[in-house]
Each structure stands twice: as structure tokens, then as C-alpha cells.
*Asks:* 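Quick one: the structure is below, and I'll ask about it shortly.
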Amino acid sequence: MNRIAEDVIGIHMRVAMRYAAGSDVGRNRENNEDSAYAGPWLLAVADGMGGHVGGEIASSLTVQTLAPIDAEVSQDALVETLERAVLSANQAIAQRVEQEPALQSMGTTCTAMLWSGTHLALAHIGDSRAYMLRESILYQITEDHTLEKMLTGEDGAAPHLANRLVRVLDGKPDRKPDLSLREALPGDRYLLCSDGLTGPVDAETLHQVLTTQQEPDAAVQTLIDLANQGGGPDNITVIVVDVIAEGVEARPPVVVGAARR
């Protein structure tokens, strides 16, 4: 079931964020292992994996662990605060696996932003992605933590290349995210998404939607629809955020996907 939620988040009288978030199970999966959070200061997408209910648990734990940092912090503390929360999410997964060894194969990606004033901290691990649209140019601002691997074809099928995740939050030590601090400018648009979007929808189409759909909720819905039209091979989770030069009142956070249940 698809859920779209739009809100406006106030960060500073000079810069505010208007966002929409949505998650869909896709066409080929029975359950949604993605989770996402969008609140006044924090945005996060987590794409769980691990079979049975493991993926749902890993992504939900990650969002639940990150949610308490959805508060205003100083710009000097942005990166450290976000890093500490992501590492805590990894520890939460480790503790759950210790309690339930059957979940030892579970893990999750995590792409998250924490805002303050006119800056944002970005933390990333896995193959979910963050993009920035600035002056009509779309930039991918995260790097996939994957390795191309040749898979042998079955039943006469030709061998093919596939991407294998090499870094995720799975409770193991040294699972550190990529970290950066960026300036947010009025007019910027950000996209956070799971690979259920970027698998079937290419960068050119992402750019077209993000530049033509003026409202964040319309952009989110269009992107989810396009991913499903492309076969919907995986769960699809999307957050679209507009940076606006206005001060607005903060609203309640929105949770979508597995973490919402």
C-alpha cells in the first residue's frame, strides 16, 4: 500500500524545508522492508534485507534509533550527532541479533540528513541514494557501496553482472557511514530513495520528474508510479525535499514503510 505524506519543516527563518515522503511494496515483493522518516530536522531512508522479517526489523530499528535526534542542534555538532546515531543503529541491530540469532543475516542501508540553519549533515551506507538538484542540474551526492560480480546463469541463461552490497548496517563492527557537511541553498531540491527507485528509473527520468513536478508530493507519487511501471522489482521509498527561503512552523514527523507498522 502506498502512503504519501507532505509536510513543511522549519529550520531557520532564512531557510526552511518542504517535503513529501512515500513508500510502496512494488510489484514483485510480498512485504515492504523499506523504512523512512521525515521530520523537522531529520530525513532518513533505510532499505532492509535479510529474508523473512529480518529486513523489516533492521530498517525499522534504524529509523527508530535515528528518530530521537530529530531536534535542533548546532551546525558544529551536525556531523557528530548524525554519525553517533547511525552507529547506535548498527549497535541496536547487533543487540537484536544477539537476542534472536535467526536474524543474523539481516541488515539495512541508511541514507540520512540532519539539518540546522543553512547546513545539513549527510550520512550514507549501502546503495540507497541521495541526489541534489541545483540550478536544474542533478547531482548524485552519495556513492553506492557495491561491487560488481559476475553471476552464472541458470537453466541456460547467460552469465550477467550484478551489484553486491559490501557495506551495510548489520550489527558487525566498523560499519562506519560516509559523512559530509553541505550548505543548503534556497531553490535546492533533494531526493532520498531506496534502490527500488533507481533500479528501474534512470537518472535522466529522475531529472525530468524533479524539474517538472513542482510539488514534492506530486514528484514522490510520479517517481513511485514510474518505478512500478518499470516492473517494480523491489520496494520503493522516496523522499523529496525543497529548500525554501521562508520561515515556517514545524509540523509532526512522518514515518512510512515497515517502521510505520
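For reference, positions follow the sequence shown, starting with 1.
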*Asks:* Any side-chain heavy atom of Val201 within less than 4.5 Å of one from Leu206?
*Replies:* yes

*Asks:* May I ask you to decide if Val168's main-chain N or O and His145's side chain share a donor-acceptor pair within less than 3.5 Å?
*Replies:* no

*Asks:* Assess whether a salt bridge exists between Asp195 and Arg129, defined as any Lys/Arg side-chain N lying under 4.0 Å from an Asp/Glu carboxylate O.
*Replies:* no

*Asks:* Would you say that Met49 contacts Thr109 through its side chain, given a criterion of any heavy-atom pair below 4.5 Å between the two side chains?
*Replies:* yes

*Asks:* For a quick check under 3.5 Å, do Thr111 and Ser128 share a side-chain donor-acceptor pair by atom type?
*Replies:* no

*Asks:* Kindly indicate whether the side chain of Leu61, heavy atoms from C-beta on, has any atom under 4.5 Å from the side chain of Leu169.
*Replies:* no

*Asks:* Show which side-chain atoms of residues 77-84 pair as donor or acceptor with protein atoms under 3.5 Å away, not counting sequence neighbours.
*Replies:*
from: Glu80; atom 1: OE2; to: Arg84; atom 2: NH1; distance (Å): 3.4
from: Thr81; atom 1: OG1; to: Ala77; atom 2: O; distance (Å): 2.7

*Asks:* Just wondering, do Arg189 and Pro216 contact through their side chains at under 4.5 Å, heavy atoms?
*Replies:* yes

*Asks:* Listed by chain and number, what are the salt bridge (charged side-chain N to carboxylate O under 4.0 Å, His left out) partners of Asp170, not counting sequence neighbours?
*Replies:* Lys172, Arg175

*Asks:* Set out, in order, the CA-CA distance, both residues' side-chain angles and the distance that settles side-chain contact (heavy atoms from CB on, under 4.5 Å) for Cys193 and Thr198, then state yes or no.
*Replies:* CA-CA 8 Å; Cys193 61; Thr198 55; 3.6 Å; yes

*Asks:* Show your working on side-chain contact (heavy atoms from CB on, under 4.5 Å) between Asp178 and Arg167 and close with a plain yes or no.
*Replies:* CA-CA 10 Å; Asp178 295 340; Arg167 285 173 62 191; 3.3 Å; yes

*Asks:* Test side-chain contact (heavy atoms from CB on, under 4.5 Å) on Val45 and Asp34 and set out the steps.
*Replies:* CA-CA 7 Å; Val45 168; Asp34 287 359; 5.8 Å; no

*Asks:* Scan the side chains in residues 97-104 for donor-acceptor partners under 3.5 Å anywhere in the protein, sequence neighbours excluded, and list what turns up.
*Replies:*
from: Glu100; atom 1: OE2; to: Arg96; atom 2: NE; distance (Å): 2.7
from: Glu100; atom 1: OE2; to: Arg96; atom 2: NH2; distance (Å): 3.1

*Asks:* Give a yes or no on whether the backbone of Val209 and the side-chain of His207 come within a donor-acceptor separation of less than 3.5 Å.
*Replies:* no

*Asks:* Is Leu87 linked to Met106 within one hydrophobic cluster, defined over Ile, Leu, Val, Met, Phe, Trp and Tyr using a side-chain heavy-atom separation of less than 4.5 Å?
*Replies:* no

*Asks:* Given the rule in the side-chain contact (heavy atoms from CB on, under 4.5 Å) test, do Leu226 and Gln208 qualify, once you have shown the distances and angles that lead to the verdict?
*Replies:* CA-CA 12 Å; Leu226 287 170; Gln208 181 182 19; over 6 Å; no

*Asks:* How about Asp225 and Thr222: does a side-chain donor come under 3.5 Å of a side-chain acceptor?
*Replies:* no

*Asks:* Any chance the side chains of Asn32 and Ser23 put a donor and an acceptor closer than 3.5 Å?
*Replies:* yes

*Asks:* Just checking, any donor-acceptor pair under 3.5 angstrom between side chains of Asp47 and Ser194?
*Replies:* no

*Asks:* Heavy atoms, side chains only, cut-off 4.5 Å: are Leu133 and Leu191 in contact?
*Replies:* no

*Asks:* Quick one: sort the Trp115 and Tyr190 rings into parallel, tilted or perpendicular, breaks at 30° and 60°.
*Replies:* perpendicular

*Asks:* Any side-chain heavy atom of Thr146 sitting closer than 4.5 Å to one from Arg164?
*Replies:* no

*Asks:* Within the 4.5 Å heavy-atom criterion, are Val63 and Leu66 side-chain neighbours or not?
*Replies:* no

